[in-house]
Structure formats: structure tokens, C-alpha cells
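Everything numeric in this text was worked out from a predicted model, so none of it was measured. Letters go in sequence order (proteins before strands), and every chain restarts at 1.
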2 protein chains.
Amino acid sequence: MEVFWRQGYEGASVNDLTEAMGINKPSLYAAYGGKEELFRKAVARYAERDMGYARDAFAQPSAYEVVATLLRENVIAVTRPDKPHGCLSIQGGVACSTENAPVAGFLASSRLAGEGALADRLARAVAEGDLPAHADPIALARFVMIVTEGQAVHAAAGVSREDLRQAAEIALAGFSAASGARLPERATDPV
Amino acid sequence: MEVFWRQGYEGASVNDLTEAMGINKPSLYAAYGGKEELFRKAVARYAERDMGYARDAFAQPSAYEVVATLLRENVIAVTRPDKPHGCLSIQGGVACSTENAPVAGFLASSRLAGEGALADRLARAVAEGDLPAHADPIALARFVMIVTEGQAVHAAAGVSREDLRQAAEIALAGFSAASGARLPERATDPV
DNA sequence: CTAATTCTGTACCGATCGGTAAGGATTCGA
DNA sequence: TCGAATCCTTACCGATCGGTACAGAATTAG
């Protein structure tokens, strides 16, 4: 998983993978079927282990807290000192050769599925009166996901956690301004 | 340039490139020296041709208009119907094999250089009183660049221009809220 | 202690990678 | 019209790609 994370789908050779796994090539093929299947399993594991914060975020009581948790936890996730910086879903392959286009498409649709889930959560907030009726859950979810993706790209470039956190707070201000979200009682961290 | 843009540095084979250029492999090597040199020239050409809007944006009279132009033109640039969707600087390679790490590093530092230029422009706005003294040019520039990068990733996933435009307006609201920027006279486009 | 079985590791498959050497066609100056 | 210099193309280089055949080692069953 970390090899794919660090080097992308195409940049990770089967030799790199087997070396990191401590097994031989035939064992990899016996256990996983092939490089692409292994990648899909790695992405699934990544989603469960390294993006578990999304579940916690969605469970927050208010839309503001959902988004705040998402943005702040994302910053932490993409800058863990013991893991590759960035996000597997981005690093994995935003662009690749035509023969591996399905991999890029798979990652893209995974990300958009997450965006859809966030939009659903925000729509619920509108229905509950937590967000005003004029708020656009789909557009807001898109904005939030765009910020998380940008942060992943930035993190991969080596930008520090604290620097990304500042940007997350600005994004949160944008979410509040554009959504009219009710703010939680304790003050937020202004930049 | 477009082959690199669409397939990334590693995903674009020399065969793909020569085919698109209508020349033979030895001609490519005679003219450019190698794949990596060709890529760097492609990036330079891209910066000049497809990111020229940045110069126009920096020339805007107010910080708000600088950022608004940057965000809105970026949306247009990453969703041109006759070009690959996304941004060469991102697609080119956010992650790649260890042997091509210099390419990814080169792209990352190019992007951060753009961020630095924007920070300088915003610092000027603070000095001129266009932005309040408490505004943080570096953090604001980082936020704007993060949004443009996220939009490039989103565009590469096939999200439409109009959808990205909505997100840009939300980001702009965030910039205004966090910077305390004076708004231009004509009303902005609320989401 | 032997026989059947799993399992690991070596060695190899054709294809493609980035990059190049050498020959054939073409164009140019004289 | 001839010789020379410049292309352009074909063919190939070693290395590596993803993927596999096969033999020897370890394990288990009887």
C-alpha cells in the first residue's frame, strides 16, 4: 500500500512491491492475481485504515463540524510523518498511460463517490434546518473535496502540516460564508 | 505537450510522443536531447501558453480581483474542451518511480514558486492597504493554490466547468472572509 | 521412513522501456 | 552532373516491464 502511495500505480513496479512485501513474484500473483487487483485491495485497505476519519466526520452533529472535522483530519492524514505524504487516491494516478486508464478512472470515481456521500450528509443538514434552505449541498461538497485534493497535492510537495492547517481554516471560513452554516459554540481558529 | 498533459511524464512513452509529434525517435533525441529535457520544455511552453492568465491576474488592481481572476481563469484553463482536462503541472507527475523523482520534484517546486509569487502580490496588497494588516499573504496564497490544484484534479476526473466555477466562488468567499479583502463595486456571483 | 503436497525461489517469457548506431534517401554547393 | 553534407528511417541496444513455468525445499500424511 505504501509503495503505491509513494510511487503511484505505474511508478510502482512489481519488483518494488514484492521487495516491500518480503515475498516473491509468484507468491504475489498467487495471492492477489496481479498488479491491478493488488492495487485495488491496497486502495480498499487505505480507505478503511487511513481515511476512517471520514466516517467520524460524517457522524458529527452539525454540517459545520462535519466539514471542519473532514478538513482538519485530512490535513493530519496527508502529513503523517511515518507515512508517505499525500493521499493514495491522488498519488495513485491522476494521469497514466492509456493502457492503465481504467486505474485512473477507478480512483476518480472513488473520490467522486466520497463527494456524493458528503453531499448527502449536507443535504440532510439542510433538511434538518442545520443549513439554510438556500445552501447548495452538492456545490459545497464539491468545494470541500477540491480543498482536500489540493491539500493532498500540496502535502506530496512537502508542505508542512501546520501550513496546511492554516489553509484548512480559510477553507472552513469559505464554507461558513457560502453555506450560512451555524457555527458551533466554541470559537473557531481564525487565521 | 498534450501527451504529457494527458498521460503524465511516466505514462507518456517516447513512442507516444514521437507519434504525436510526427517525427522519429532519433529526431526527438537530436532536437531535444531526451525525454526529460523535452518534458521540461513542454512545461515551459505550458506555463507560457496555458497559464498566461496568471500574469493578467497578478496585474489586477486589487487583491480580491487578483484572486478572483486566478480562480476563475484556472477553472476555464483546466476544462478547455480542446485540451486535456486538468493541469500539466499536476498530471505531469505528483508521484512517480524513484528514478523519476526529480521530475516530480521539479513540478512541485514550480508550483510552489507560483505560490510564492502570489504571496508577494498579496503582501503588496497589505502594504498598499488594499488588504488589512492582519491578513496573512502566505497563508492566503497557499489556500488559493490549494484550490487551483484541487480543481485540476477534479477537472481531470471529468467534472464540468460550471461545477468547478461554483466551487471557485465558494473559495473566493473564503478568501474574502479570511483576508478581509475589500470587495470590488459590482456584485460578486453568490452561490 | 516414505510418499504425496504445498510452497518458495530461480529462471525465464514476450513486450516494451528509453536511447542509439548505421545505412539510404535527399538536398545542396560547385 | 557530381560529390558532400544533412537529414530521416530502420533496426537494434541492454534493461526492465508485468507475468509465468518449473524444479527443489519444506511440510504434512500415512
Side-chain angles (χ1 to χ4, degrees), chain A residues 1-46 84 88-110, chain B residues 1-46 84 88-110:
Chain A
M1 183 180 83
E2 293 192 15
V3 172
F4 280 130
W5 193 345
R6 209 173 295 116
Q7 302 179 202
Y9 177 72
E10 290 189 326
S13 75
V14 174
N15 271 336
D16 294 335
L17 295 165
T18 54
E19 202 168 315
M21 298 166 88
I23 63 174
N24 295 98
K25 235 190 295 193
S27 303
L28 188 156
Y29 281 88
Y32 297 96
K35 186 186 181 184
E36 185 168 341
E37 291 90 324
L38 174 62
F39 180 69
R40 292 183 129 89
K41 295 210 176 180
V43 171
R45 188 189 193 84
Y46 176 83
L88 172 59
S89 179
I90 310 284
Q91 315 276 100
V94 300
C96 55
S97 66
T98 52
E99 63 175 340
N100 290 319
V103 171
F106 160 68
L107 289 177
S109 58
S110 305
Chain B
M1 184 180 83
E2 292 192 15
V3 173
F4 280 129
W5 192 346
R6 208 174 296 118
Q7 302 180 203
Y9 177 73
E10 289 189 327
S13 75
V14 174
N15 271 336
D16 295 335
L17 295 166
T18 54
E19 203 168 315
M21 297 167 89
I23 63 173
N24 295 100
K25 233 190 296 192
S27 303
L28 187 155
Y29 281 89
Y32 297 96
K35 187 186 180 184
E36 185 169 340
E37 290 91 323
L38 174 63
F39 179 69
R40 292 182 128 89
K41 294 209 177 181
V43 171
R45 187 189 194 84
Y46 176 83
L88 171 60
S89 179
I90 310 284
Q91 314 277 100
V94 301
C96 54
S97 66
T98 52
E99 63 175 339
N100 291 319
V103 171
F106 160 67
L107 289 177
S109 57
S110 306

Using 0.5 Å steps for rounding, measure from the CZ atom of B:Arg45 to the CG atom of B:Leu88.
12.0 Å
Would you mind reading off the distance between [X] atom [atom1] and [N] atom [atom2], rounded to a whole angstrom?
{"X": "A:Gln7", "N": "D:dC17", "atom1": "CD", "atom2": "P", "result": "10 Å"}
{"X": "A:Lys25", "N": "C:dC12", "atom1": "NZ", "atom2": "P", "result": "13 Å"}
{"X": "A:Leu17", "N": "D:dC17", "atom1": "CG", "atom2": "C1'", "result": "12 Å"}
{"X": "A:Glu19", "N": "D:dC17", "atom1": "CD", "atom2": "P", "result": "11 Å"}
{"X": "B:Tyr9", "N": "C:dG18", "atom1": "OH", "atom2": "P", "result": "8 Å"}
{"X": "B:Glu99", "N": "C:dG18", "atom1": "CD", "atom2": "C1'", "result": "9 Å"}
{"X": "A:Asp16", "N": "D:dT16", "atom1": "CG", "atom2": "C1'", "result": "11 Å"}
{"X": "A:Ile23", "N": "C:dC7", "atom1": "CD1", "atom2": "C1'", "result": "12 Å"}

Determine: side-chain N/O of [X] to OP1/OP2 of [N], distance under 4.0 Å, yes or no.
{"X": "A:Tyr29", "N": "D:dG19", "result": "yes"}
{"X": "A:Lys35", "N": "D:dG18", "result": "yes"}
{"X": "A:Asn15", "N": "D:dT16", "result": "no"}

Mapping A:Glu10 and B:Pro26 to their closest nucleotides on DNA chain D, which lands nearer the 5' end?
B:Pro26
Over all atoms of both residues, closest heavy-atom pair of B:Val3 and B:Ala20:
CG2-CB, 3.5 Å
From the options C:dT8, D:dA21, D:dC17, select the nucleotide whose nearest atom is closest to the side chain of A:Ser13.
D:dC17
Carboxylate-amine/guanidinium proximity below 4.0 Å for B:Arg40 and B:Glu36
yes
A:Phe39 and its ring-ring contact (aromatic ring centres under 6.0 Å, His included) partner, picked from A:Tyr46, A:Tyr32, A:Trp5, A:Tyr9:
A:Tyr9
By the 4.0 Å heavy-atom rule, please label A:Ala12 as base, sugar-phosphate, or nothing.
sugar-phosphate
Residue pair A:Val43 / A:Phe4, side-chain heavy-atom distance below 4.5 Å:
no
